[in-house]
Amino acid sequence: MSLSVPRGTAPGVVSDLVREWISPARRVEQFVDDPAERKLIRVELLVVFAVTLGLSGLASLLSLLDSLLQPVGLAEQTAAINVPQARFAVVDFLKQLTGVIRLTAWGALGVYLLYRAGYRLSAIGLDLAQKGKDALRGLGLAALIGVPGLGFYLVAHAVGINLAVAPSTLGETWWRPVVLVLLAAGNAWAEEVLVVGYVLTKLRQLGFRENTSLVFAAVLRGSYHLYQGFGGFIGNVVMGLVYGRYWQKTNRLWPLVVAHAVIDVVAFVGYSLLSGVVSWLP
């Protein structure tokens, strides 16, 4: 996501480029001025997030409230992400797959609504024209967010503002790594499509400034991680600011999906392998 500046570029041009990244101009070409259509966009946003990640944000806030009311501190509590859904292994496997399908459908809903509104896949960066570059960019973004993110989580837990997060409490079955990879991909797909591609596009239609939209989307991303504690909220807001700005400036969504999937795969599968083996992991 680096801002490349050609050799010999004048300092004034550099400052203009930096300013454009920090405070980009409003995208007026997508603005919808018809009052009836604007009302429908607002209703659509409300409905979509009421049944997807917005509702998850409310549930997450209530989970944090419940944790704060416990007689022990946040650091002494555990928040589990991928947990068993049934007592019998085969049934559990099938129920885990329903979670993957739900996440896939959430992302597909965002793409479908944008398509019905006249946006093609290339308009939101979900075309396959840059497969290799998108993959490499995704790996770079994963390193940019994932490595500092792990450090921030450990610090947040150490100072008592975050629960101990258990990315997986699934038993040792043959399908555990398969399910965890699929869930990681599903999370990445649903979140990046809805919280970046979909919501930022819709806010452009409503005339929001780029920075206002960016902050809104980042706080939304942080909200459904509140169950992890204040550290989870802050870390994901920062992630949302970086990923959202990347999309606003490059119009490529696949790198965000790849980066998010890589981070979650490392977290989910890595935790299941290292839990109880290394001493520094809460």
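We use all heavy atoms of the structure for the numbers below, so side chains are in, but hydrogens, waters and symmetry mates are not.
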*Asks:* Determine, step by step, whether V48 and L113 satisfy the side chain to side chain contact (heavy atoms under 4.5 Å, CB included) criterion, reporting the C-alpha distance in whole Å, the side-chain angles of both residues, the deciding distance to 0.1 Å, and the verdict.
*Replies:* CA-CA 10 Å; V48 168; L113 291 173; 3.5 Å; yes
*Asks:* Closest heavy-atom contact between G244 and V196?
*Replies:* CA-CG1, 4.5 Å
*Asks:* Do L74 and V159 share a hydrophobic cluster, counting only Ile, Leu, Val, Met, Phe, Trp and Tyr and linking them when any side-chain heavy atoms are less than 4.5 Å apart?
*Replies:* yes
*Asks:* At what distance, to the nearest 0.5 angstrom, does CG of L65 lie from CG of L69?
*Replies:* 4.5 Å
*Asks:* Quick check on the 6.0 Å ring-centre criterion: do F93 and W174 meet it?
*Replies:* yes
*Asks:* Using a 4.5 Å cut-off on heavy atoms from C-beta on, say whether the side chain of L170 contacts that of W175.
*Replies:* yes
*Asks:* A80 and T169: which non-hydrogen atoms are nearest, and at how many Å?
*Replies:* CB-CG2, 3.9 Å
*Asks:* Between D134 and R137, does at least one N-O distance fall below 4.0 Å, as a salt bridge requires?
*Replies:* yes
*Asks:* Would you confirm whether D92, through its side chain, and F88, through its main-chain N or O, come within 3.5 Å as a donor-acceptor pair?
*Replies:* no
*Asks:* Hey, is CZ on F152 packed in by over 12 heavy atoms from elsewhere, all under 6.0 Å?
*Replies:* yes
*Asks:* Measuring from atom CD of E76 to atom OG of S67, what distance do you get when rounded to the nearest 0.5 angstrom?
*Replies:* 12.0 Å
*Asks:* Kindly give the heavy-atom pair with the smallest separation between F216 and L203, and that separation in Å.
*Replies:* CD2-CD1, 3.7 Å
*Asks:* Does one hydrophobic cluster hold both V111 and Y119, with members joined at side-chain heavy-atom distances below 4.5 Å?
*Replies:* yes
*Asks:* Flag yes if more than 12 heavy atoms outside R38 fall under 6.0 Å of its CZ atom; otherwise flag no.
*Replies:* yes
*Asks:* May I ask whether L64 and L55 are part of the same hydrophobic cluster, defined by side-chain heavy atoms of I, L, V, M, F, W, Y residues being less than 4.5 angstrom apart, directly or through others?
*Replies:* no
*Asks:* For a quick check under 3.5 Å, do R245 and N211 share a side-chain donor-acceptor pair by atom type?
*Replies:* yes
*Asks:* Let me confirm one number: the CD-CG distance from Q77 to L68, rounded to the nearest 0.5 Å.
*Replies:* 8.0 Å
*Asks:* Can you tell me how far OG of S60 sits from NE2 of H225, rounded to the nearest 0.5 angstrom?
*Replies:* 8.0 Å
*Asks:* Do you know which two heavy atoms are closest between K95 and Q85, and how far apart they sit?
*Replies:* NZ-O, 3.3 Å
*Asks:* So, does T212 use its side chain to make a donor-acceptor pair with the main chain of F208 at under 3.5 Å?
*Replies:* no
*Asks:* Counting neighbours of CZ on F31 that are heavy atoms of other residues, nucleotides or ligands and sit closer than 6.0 Å, is the number greater than 12?
*Replies:* yes
*Asks:* To check you understand the geometry: which heavy-atom pair defines the closest contact between L128 and W254, and what is its length?
*Replies:* CD2-NE1, 3.8 Å
*Asks:* What verdict does the side chain to side chain contact (heavy atoms under 4.5 Å, CB included) test give for L194 and V199, after you've listed the backbone C-alpha separation in whole Å, the side-chain angles of each residue and the deciding distance to 0.1 Å?
*Replies:* CA-CA 6 Å; L194 287 175; V199 75; over 6 Å; no
*Asks:* Is a side-chain N or O of E37 found less than 3.5 angstrom from the main chain of D33, in a donor-acceptor match?
*Replies:* no
*Asks:* What's the separation between atom CG in L180 and atom CD1 in I81, rounded to the nearest 0.5 Å?
*Replies:* 10.5 Å
*Asks:* The criterion is side chain to side chain contact (heavy atoms under 4.5 Å, CB included); which residues satisfy it with V237, sequence neighbours excluded?
*Replies:* A218, F233, L241
*Asks:* State whether Y246 and R252 meet the cation-pi test: NZ (Lys) or CZ (Arg) under 6.0 Å from the six-membered ring centroid, and within 45° of the perpendicular axis.
*Replies:* no
*Asks:* Between Q248 (side chain) and Y243 (backbone), is there a donor-acceptor pair under 3.5 Å?
*Replies:* no
*Asks:* First locate atom OG of S272, then atom CD of E172, and finally report the distance between them rounded to the nearest 0.5 Å.
*Replies:* 8.5 Å
*Asks:* Do R221 and E192 pass the salt bridge (Lys or Arg N to Asp or Glu O under 4.0 Å) test, and can you show the C-alpha distance, the side-chain angles, and the key distance before you say yes or no?
*Replies:* CA-CA 9 Å; R221 184 191 294 263; E192 301 311 326; 2.8 Å; yes
*Asks:* With a 4.0 Å cut-off on N to O distance, would you call K249 and E210 a salt bridge?
*Replies:* no
*Asks:* Run F49 and L220 through side chain to side chain contact (heavy atoms under 4.5 Å, CB included) and show every step you take.
*Replies:* CA-CA 10 Å; F49 284 98; L220 174 62; 3.5 Å; yes
*Asks:* Answer yes or no: is there a donor N or O on one side and an acceptor on the other, between the side chain of N162 and the main chain of Q228, under 3.5 Å?
*Replies:* yes
*Asks:* Taking all non-hydrogen atoms of both residues into account, name the closest pair between A190 and L103 and its distance.
*Replies:* CB-O, 3.3 Å
*Asks:* Please assess S56 against W106 for the test side chain to side chain contact (heavy atoms under 4.5 Å, CB included), listing each intermediate value before the final yes or no.
*Replies:* CA-CA 12 Å; S56 297; W106 283 1; 4.1 Å; yes
*Asks:* Are side-chain heavy atoms of H260 and L256 found at a separation under 4.5 Å?
*Replies:* no
*Asks:* Could you verify whether a donor N or O on one side chain and an acceptor N or O on the other, from E191 and Y224, lie under 3.5 Å apart?
*Replies:* yes
*Asks:* Side-chain contact, heavy-atom cut-off 4.5 Å: L206 with V32?
*Replies:* no
*Asks:* Are the side chain of W247 and the backbone of I124 linked by a donor-acceptor contact shorter than 3.5 Å?
*Replies:* yes
*Asks:* If Ile, Leu, Val, Met, Phe, Trp and Tyr residues are connected whenever their side-chain heavy atoms lie under 4.5 Å apart, and connections chain through other members, are V47 and L114 in the same group?
*Replies:* no
*Asks:* When you group the ILVMFWY residues by side-chain heavy-atom contacts below 4.5 Å and let the links chain together, are V165 and L62 in the same group?
*Replies:* no
*Asks:* Does the side chain of L163 come within less than 4.5 Å of T78's, by heavy atoms?
*Replies:* no
